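What's counted below: heavy atoms across the whole structure, side chains too, no hydrogens, waters or symmetry copies. Residue numbers count from 1 along this sequence. All of these numbers come straight from a predicted model, not from anything done at the bench.
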Amino acid sequence: AKLTSIAANAFKDATALTTIDLSKATALATVNANAFPDSEYTSIKLAGTKLTDISNIIAPAATMNSKNSLKEVTLPAHDGFTAIADNQFNSYKVLESIIIPEKVTSIGTGAFNSCEKLATVTVNGVIASLGGYAFTGCKELASLDLSKGTFTTLAGNTFQGCVKLATLKLPEGLTTVAASDFEGIIVSEINLPNVTSITAPFGTRTATSEANTTLKTLTLGAAAIAAYDFANFTALETVNIKQVQTASNDVAANAFYGCTKLASVTLPNGLLYIDKYAFAGCTSLRDIVFPAAVSFIGDRKSTRLNSSH
């Protein structure tokens, strides 16, 4: 008979168990809670199973003994396993690598949050949904390719604290970037030609915020850039905003304050205002293309007041 289920406490007191290989258990569909309650396993292989829910083996609950020992995992690769659940690997501190199978289309909120040793993530399929905080605090992650995905929104804090993330490829159809999605990453280029909404992508910034010394090229769609969003980006050389956003036809005050290497700026047709200090301290700026519609450069508040008289 083929193994279809593993009962609760089946491996109770198996404290020396470090490797679990279920890859040949091709009929395994259920693993009950506490099947491996005392095991500090470092490796688990589930690729050949029929499991659709792995949370009884890999879970964020603090009681999971594997939480601080699991280094490698192979996930189920059948049609029924389509999602990495919310917080599935949250705080698995020593997890080093993972391959996300082709059939997985969803990565949940906080799925890999605080996986501090996670250095390699291979995505084989098309991700249609990506939750906020999905990769927050993955301090060893250097590159991530999500370019085949169809998700259109980053929900906030998605890559926050990925301090070694130098290469990040996102879907061309991405339209929304939320607060702190890119805070702490070290990419040299952001190319998001269809983004129409962007909110403090590198966190809340001010004139005294720590310098970003890596981003060199910024391309956005019709995003409204708020005050200080890119202040003190001291490596930024080129900015290209493709379209104007009708709800906010301006470049906000201090948006690019202190971008000392910014040399070239292309602004979109339809732009009406460039607010005060938008490019203050951009000591290398030598090429800026002003759209014909720009009617005021300075304090947007005052021009609104004046226009009422």
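With contacts defined as side-chain heavy-atom distances shorter than 4.5 Å, the pair Ser114/Lys93 qualifies. Within the 4.5 Å cutoff, the side chain of Thr153 has no heavy atoms near those of the Phe151 side chain. By the 4.5 Å heavy-atom criterion applied to side chains, Leu267 and Ile274 are counted as neighbours. The closest side-chain heavy-atom distance from Ile198 to Leu192 is not below 4.5 Å. No side-chain heavy atom of Thr152 sits less than 4.5 Å from a side-chain heavy atom of Pro171. Residues Asp38 and Lys12 form a side-chain contact, since some pair of their non-hydrogen atoms from C-beta on lies under 4.5 Å apart. Counting heavy atoms from C-beta on, the side chains of Leu17 and Phe36 come closer than 4.5 Å. Considering only heavy atoms from C-beta on, Pro201 comes within 4.5 Å of Phe230 through its side chain.
Each of Tyr257, Phe256, Tyr228, Phe202 was evaluated against Phe233; a single residue qualifies, Phe202, per the ring-ring contact (aromatic ring centres under 6.0 Å, His included) test.
Side-chain N/O atoms of Thr158 and Asp181 include a donor and acceptor closer than 3.5 Å. When only modelled atom types and interatomic distance are considered, Asn157 and Tyr133 share a side-chain donor-acceptor pair under 3.5 Å. Checked by atom type, the side-chain pair Ser43/Glu72 shows a donor-acceptor distance below 3.5 Å.
Counting non-hydrogen atoms of other residues, nucleotides and ligands closer than 6.0 Å to CD1 of Ile100 gives a total above 12.
The two residues Gly131 and Ala155 have their closest heavy-atom pair at C-CB, 4.4 Å. What you find for Ile225 and Leu220 is that their closest heavy atoms are CD1-CD1, 4.0 Å. Between Gly125 and Lys148 the shortest heavy-atom distance is O-CE, 3.8 Å. The two residues Val187 and Thr214 have their closest heavy-atom pair at O-OG1, 3.3 Å. Scanning all heavy atoms of the two residues, the minimum distance from Gly203 to Ser180 falls at CA-OG, 3.4 Å. Across Pro76 and Thr49, no two heavy atoms sit closer than the pair CG-OG1, 3.9 Å.
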